[in-house]
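Just so you know, these numbers come straight off a predicted model, no measurement behind them. Chain A is the first sequence line, chain B the second, and so forth, proteins listed ahead of strands; every chain is numbered from 1.
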Amino acid sequence: MQTALIVGIILALLWFIEKMLGTPMVIRPIVVSTIIGAALGDVQTGLLVGATLELVFMGFIQVGGAVPPDVLVGAGLGTAYAIIGNNGAEVALALALPIALLAQSIKVLVFIIRSWFMDYAMKLAKAANIKGMINLNVGGLLLHCALYFVVGFVAILFGSNAVEAFVNNIPDAIMNGLEVAGGLLPAVGFALLLLPMMKKTNVLYFLLGFSLLAYMNIPILGITLFGVVLAFIIVYEFGGKNGGDQDTTDKEDEEELFDV
Amino acid sequence: MSDKRKLTKDEKKLMREIFWSSFMLEASYNYERQQALGYSIGMWPAIKRYYKNEKDRAEALERHMNIFNTTPHVVTTITGVATALEKEASENPSFDKKIINNVKIGLMGPFAGIGDSLFWGTLRIIAVGIGLSLAQQGSILGPILFLLLFNVPHMLVRYYGGVFGYKFGTKIMDQANNSGIMQKISKGATIVGLMVIGAMTASMVKLESSLVFTIGDEKIPMQEYLDQIFPLLLPLLYTILMFYLLKKGMKPTTILLVTIAIGIIGSLIGII
């Protein structure tokens with residue numbers, strides 16, 4: 001009962017923070033699993049599960065209107081089940097994925113419900129009622145948080161035993177396979193990130209980053225710095241048609257932009 | 001052209017208000033108007049400053065209830081531009097107020113593109129890369145560092161983006177088009193993003209063949225040979241295959257499930 005309450009509250013609270021503070025990434029698995037772990041008395045497992053899930057869920061981000069699998073609920077419940085049943089990261093992974101896929105529909109539902117609110121929002125705007133608009137905005141968020149609380153609470157209260165029985169019946173061979181799959185899954189995440197960015201003309205930059213690590217083992221931060229320098233050289237030194245003959249005002253503007 | 005003047009005390013106050021009002025952008029995200037409610041609330045500091053009677057305020061709030069969607073971390077830059085336009089509109093009766101929404105629509109696309117690749121694609125990945133290795137060692141510093149690395153630049157861009165947008169105001173579109181700033185930033189961000197994702201792919205995707213060929217008495221492990229040709233060749237090929245399948249329109253969830261199946265089946269029959 002107590003555990004279920006804690007998990008429910010954490011899910012609701014993290015979502016509240018995420019959307020009240022401008023998407024600061026507190027719903028990413030690396031944070032969610034750690035907090036769930038700390039609350040359930042096993043920070044170490046939380047950290048390890050968080051690291052594993054963060055990689056797998058790397059590509060699941062909300063860009064535009066498309067709703068990705070629900071990372072918060074998946075990571076939160078997956079971690080909680082793993083810790084409650086004294087299991088490791090593989091179990092968390094096995095559970096987090098299907099849960100995240102199922103929970104996707106919570107968001108879809110909320111986005112539909114809140115669409116109905118928009119008529120009311122327009123009325124408030126027409127009356128210049130800014131307080132009402134803010135209340136409605138926060139109210140819409142609280143509705144979402146409340147749903148997360150209920151889902152978290154119910155899933156842990158009624159689901160733990162069933163999940164534990166299910167997990168104990170998974171054969172070892174499948175668990176090994178899940179471990180292999182865990183190493184493979186980040187590929188899907190990275191491919192999703194690449195999808196809007198990579199074209200035939202710039203695929204070499206991806207290969208460059210890959211090779212710098214594969215052959216030379218340069219740390220990622222180092223490769224980032226190389227990337228920044230390279231981008232600067234390509235954009236400014238060989239900056240296309242109008243690269244050489246800009247007047248000084250333009251250059252100042254651009255420098256200012258980069259200061260930002 | 002370039003506005004080097006210092007902001008007045010009152011303008012600095014306005015910038016802080018815009019910063020603080022910008023956080024709730026997605027609180028009521030929905031299908032019909034996406035971030036509009038949050039955005040309209042974010043315009044309030046400007047609206048209440050420039051319009052003194054209720055009718056004008058209502059009209060302005062309603063104007064900003066138009067559908068809106070951009071990367072939340074960079075929204076203040078657009079708020080800043082729109083603020084400068086609202087100021088102009090409040091002082092100049094012949095100013096066509098339709099321009100305000102047109103400029104907003106013109107900005108939200110490119111800013112979503114730049115914002116997504118800078119914040120989701122690059123900054124977040126770097127923060128994950130550094131936080132993850134610590135978390136894997138069981139250090140609580142991992143998640144903390146992840147949040148700091150992401151949010152310090154996030155807050156800076158949120159505040160100074162507003163100042164920048166406000167200063168450029170009406171002129172930003174002309175300038176952006178003239179000097180191709182948008183294209184340049186977008187191109188630069190793509191290069192950095194691709195290199196970082198490439199490096200992350202190499203360090204995080206794990207796929208090794210456990211096949212062993214036996215020729216005569218000699219046992220030849222496949223992986224050793226692959227490593228001599230190109231280390232990490234298999235993770236690279238698998239990632240590119242995933243990219244290709246997505247490009248062909250396969251659903252991410254299907255691919256995830258297929259990947260899990262490959263992992264399980266592959267390890268059962270002993271090839272990976």
For the side-chain contact (heavy atoms from CB on, under 4.5 Å) test, which of [options] pairs with [X]?
X: B:Leu194; options: A:Val203, A:Leu207, A:Leu194; value: A:Leu194
X: B:Ser28; options: A:Arg114, A:Lys19, A:His144, A:Met133; value: A:Arg114
X: B:Glu26; options: A:Asn137, A:Leu141, A:Thr23; value: A:Thr23

Between atom [atom1] of [X] and atom [atom2] of [Y], what is the distance when rounded to the nearest 0.5 Å?
X: A:Arg28; Y: B:Leu147; atom1: CZ; atom2: CG; result: 11.5 Å
X: A:Ile174; Y: B:Leu268; atom1: CD1; atom2: CG; result: 5.5 Å
X: B:Leu236; Y: A:Phe210; atom1: CG; atom2: CZ; result: 4.5 Å

State, to 0.1 Å, how close [X] and [Y] come at their nearest heavy-atom pair, and which atoms those are.
X: B:Gln136; Y: A:Ala51; result: CG-CB, 3.6 Å
X: A:Ala191; Y: B:Met242; result: CB-CB, 3.6 Å
X: B:Thr201; Y: A:Phe206; result: OG1-CE1, 3.7 Å
X: B:Ala135; Y: A:Leu47; result: O-CB, 3.8 Å

Hey, which of [options] has the most heavy atom pairs under 4.5 Å with chain B?
options: A:Ala187, A:Gly227, A:Pro219; answer: A:Ala187
options: A:Gln104, A:Glu18, A:Met198, A:Glu54; answer: A:Met198
options: A:Gly22, A:Gly140, A:Ala231, A:Ala181; answer: A:Gly22

Measuring heavy-atom distances to chain A, does [X] have an atom under 4.5 Å in its side chain, in its backbone, in both, or in neither?
X: B:Ile125; value: side chain
X: B:Ser22; value: neither
X: B:Leu246; value: both
X: B:Arg63; value: neither
X: B:Ile260; value: both

Just so I know, are the side chains of [X] and [Y] near enough to count as touching, which here means a heavy-atom distance under 4.5 Å?
X: A:Met58; Y: B:Met200; value: yes
X: A:Met118; Y: B:Leu37; value: yes
X: B:Met204; Y: A:Phe190; value: yes

Please determine whether side-chain contact (heavy atoms from CB on, under 4.5 Å) holds for the pair A:Ile234 and B:Lys187, giving the CA-CA distance in whole Å, both sets of side-chain angles, and the decisive distance to 0.1 Å. CA-CA 9 Å; A:Ile234 287 168; B:Lys187 187 173 176 187; 4.1 Å; yes

What part of [X] lies closer than 4.5 angstrom to a heavy atom of chain B: side chain, backbone, both or neither?
X: A:Leu101; value: side chain
X: A:Thr34; value: side chain
X: A:Leu184; value: both

Check against side-chain contact (heavy atoms from CB on, under 4.5 Å), A:Met25 and B:His73: CA-CA 11 Å; A:Met25 302 287 153; B:His73 315 98; 4.0 Å; yes

Residue from B:Ser40, B:Ser139, B:Gly129 scoring the most non-hydrogen pairs under 4.5 Å with chain A is B:Ser139

Aromatic ring centroids of A:Tyr215 and B:Phe230 under 6.0 Å? yes

Quick one: does any side-chain atom of A:Gln44 pair with a main-chain N or O of B:Gly138 as donor and acceptor, under 3.5 Å? yes

